[in-house]
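Take a look at the structure set out below.
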Amino acid sequence: MPELPEVEVTRRGLADAIQGVSIEGVQLGKPLRWPLGIAEQRLLGQAVRSLRRRGKYLLMDLDEGLLLIHLGMSGSLRFAPELPPRGAHDHFELRTSGGVLRLHDPRRFGAVVWAEREDAGMGLKLLGSLGVEPLEEGFTFEGFWRGLQRSRVAIKQLLLSGKLVVGVGNIYASEVLFLAGIAPTKPARRVGRAAAQRLHAAIRQVLAQAIAAGGSTLRDFSHVDGYAGAFQEQASVYDRAGQPCRRCGGAVAQIQQGQRSTYYCPRCQK
DNA sequence: ACGTCTACCTGTCGGC
DNA sequence: TGCCGACAGGTAGACG
C-alpha cells in the first residue's frame, strides 16, 4: 500500500488533528521491525508538536525526541476520537487527549521507533542515507543527472533504491519509466540527457498526481484501500502484464528485477 | 563504495 | 472444497 503518495496523504490527513494532543497511553501488539527503543512510560504526558514526512517515514515530533513511523508493505494509520476494539493486526496504539492513533500492519514490516533527534542515533541510521525529496526544491535536474551517471545499475533499480530520490516504490518506478519512455533495464548511466529530463519531470508529475488523487479518495480514512484502487484503475503498465499498452496497443511485458516485478511496454520504452 | 541478495511476516489468489 | 506454492506497495543488513 504505502509508497510516498500514500504516506503523504496519511500525513496530511492526520497532521492537523494530532498536533497538540498529549499522549496518555501506549499499547504494543506483536513486535514490529524494531523495538520502540524507549520505555513506554517516558512517552506519557508528552505532546505531539508536528507530523512531518521524510521519504516514506513519518516523523512525529514530541516534546522530547520524535517517533519515526514506517508503514512497511502493509501498514496503515488511523486517528479518531474512538476506534473499534483492537484486532489481531493492530500492533501500535497511542491513546491521546484528542483520540486514538492506531497502526494496523498485518505483515509487520512497519516500524515505530523513538529517536532523540532525527540526525543522530537511530534517526541518523534510518534517515541519514535517504535521497532527495522528489517534490522539493532540492530535486534538481542537474543533481538527478549527475546521480544517474554515477550508477551502473538498471534505472528501475536505482529509482527503487531511494539513494538518489526517495519515494518511488515498485508501482511508481514502472509508471514513471513508462511515462518517460525508458526501458527499465537500461543502465542508469546510459540514459540520455533528454530521456533523463523526461524522467525527472515524470517523477514529479506522477507523485504529485497520486497525492492529489489519494487526497480525494482517502480524505475520511474510512476506506483505507480507496486510493490503491483508484490508482490502479489508471495505471499505465503496473499489474497489466499481457494487456494492451495504452499508447501503442502492444502487450505489456512483465520481468523480474532484483526479485521485484517490473512492468513495461517493450515498444514504447527504449 | 558499490551491487546483489536475504530476511523479516501474513494474507490472498490461481492451479491442481 | 482444500492444499500448496507464488506473490504482494519496503528496506536494513550482510556479503562479495
Side-chain angles (χ1 to χ4, degrees), chain A residues 1-10 29-35 37 53-58 68-77 87-92 103-113 115 121-131 134 146-177 184-190 206-207 210-211 213-214 217-218 224-242 254-263:
Chain A
M1 207 177 298
E3 296 193 27
L4 183 145
E6 284 111 326
V7 179
E8 176 61 17
V9 166
T10 296
K30 288 189 187 177
L32 293 164
R33 188 162 185 181
W34 295 289
R53 179 188 58 74
R54 178 73 179 97
K56 295 171 194 167
Y57 285 92
L58 288 168
L68 307 177
I69 303 173
H70 199 290
L71 302 180
M73 290 276 248
S74 56
S76 58
L77 280 177
H89 301 307
D90 298 326
H91 299 302
F92 179 83
L103 173 66
H104 176 84
D105 185 7
R107 291 181 72 181
R108 293 192 277 129
F109 289 173
V112 180
V113 175
M122 200 64 181
L124 179 64
K125 186 161 88 176
L126 296 179
L127 306 174
S129 58
L130 295 181
R146 279 195 299 277
L148 291 185
Q149 294 188 299
R150 257 186 275 118
S151 172
R152 358 172 35 91
V153 301
I155 182 63
K156 154 57 152 64
Q157 293 182 267
L158 179 63
L159 292 178
L160 209 47
S161 77
K163 287 173 184 162
L164 191 49
V165 56
V166 294
V168 182
N170 202 43
I171 294 177
Y172 296 113
S174 285
E175 293 296 310
V176 298
L177 287 167
T185 50
K186 177 169 277 213
R189 54 162 48 166
R190 307 282 276 265
V206 169
L207 294 181
I211 290 171
T217 55
L218 261 190
V224 185
D225 288 324
Y227 160 69
F231 177 81
Q232 294 197 16
E233 278 165 31
Q234 44 177 324
S236 297
V237 287
Y238 183 80
D239 205 20
R240 296 193 64 241
Q254 175 179 7
I255 59 173
Q256 299 297 119
Q257 291 183 284
Q259 294 49 333
R260 312 296 301 278
S261 284
T262 300
Y263 301 84

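These figures come from a predicted structure and were not determined experimentally. The chains referred to below are lettered A, B, ... by the order of the sequence lines, with proteins before strands, and numbering in each begins at 1.
- In this structure, A:Phe109 does not pack face-to-face on the six-membered ring of B:dC9, missing the 5.5 Å centre cutoff or the 30° plane limit.
- Taking atom CG of residue A:Leu159 and atom P of nucleotide B:dG3, one finds them 14 Å apart after rounding to whole Å.
- Residue A:Ser261 is in sugar-phosphate contact alone, with no base atom involved, counting any heavy-atom pair closer than 4.0 Å across all strands shown.
- Remark: A:Lys163 is not in phosphate contact with B:dC2, judged by side-chain N or O atoms under 4.0 Å from OP1 or OP2.
- No donor-acceptor distance shorter than 3.5 angstrom exists from the side chain of A:Arg146 to the backbone of A:Leu148, with no hydrogens or angles considered.
- Taken from OG in A:Ser74 to NE2 in A:His104, the straight-line distance is 7.5 Å, to the nearest 0.5 Å.
- The side chain of A:His89 places an N or O atom within less than 4.0 Å of a non-bridging phosphate oxygen (OP1 or OP2) of B:dG11.
- Nearest heavy-atom pair across A:Glu175 and A:Tyr238 is OE2-N, 2.8 Å.
- A:Gln256 and A:Ser261 share a donor-acceptor pair across their side chains, judged by distance under 3.5 Å alone.
- Between A:Leu124 atom CG and C:dA12 atom P the separation is 12 Å, expressed in whole Å.
- The shortest heavy-atom contact between A:Glu3 and A:Asn170 is OE2-N, 3.4 Å.
- Within 3.5 Å, no donor on the side chain of A:Arg108 pairs with an acceptor on the base of B:dC9, nor the reverse.
- For the pair A:Gln257 CD and B:dT4 P, the interatomic distance rounds to 10 Å; values are reported in whole Å.
- As judged by a 4.0 angstrom heavy-atom cut-off over every strand, A:Gln259 is placed among the base-contacting residues.
- OP1 or OP2 of B:dG3 has not a single side-chain nitrogen or oxygen of A:Arg152 nearer than 4.0 Å.
- Sequence order on DNA chain B of the closest nucleotides to A:Ala88 and A:Arg33 puts A:Arg33 first from the 5' end.
- Atom OH of A:Tyr57 is separated from atom P of C:dG10 by 12 Å (rounded to the nearest Å).
- Among the protein residues, A:Arg260 comes within range of the nucleic acid bases, having at least one heavy atom under 4.0 Å from a base atom.
- Of all non-hydrogen atoms in A:Thr262 and A:Gln257, the two that sit nearest each other are OG1-OE1, 2.7 Å.
- Counting to the nearest Å, the P atom of B:dT4 and the CD atom of A:Gln256 are 15 Å from each other.
- As rounded to the nearest Å, C:dG9 and B:dG3 have C1' atoms that lie 23 Å from one another.
- Look at A:Lys30 and you won't find any side-chain N or O under 4.0 angstrom from OP1 or OP2 of B:dC9.
- With rounding to whole Å, A:Lys56 atom NZ is found 9 Å from C:dT11 atom C1'.
- Rounded to an integer number of Å, the gap from A:Gln157 CD to B:dT4 C1' is 9 Å.
- When all heavy atoms of A:Ala111 and A:Arg33 are compared, the pair lying nearest together is CB-CB, 4.1 Å.
- Annotation: side chain of A:Phe92 is not in contact with side chain of A:Ile69 (no heavy-atom distance under 4.5 Å).
- Remark: DNA chain B takes part in the stems B:2-8 with C:10-16, B:10-16 with C:2-8, each of 3 or more antiparallel Watson-Crick or G-U pairs, criterion distances under 3.5 Å.
- At whole-Å resolution of the value, NE2 in A:His70 and P in C:dA12 are 7 Å apart.
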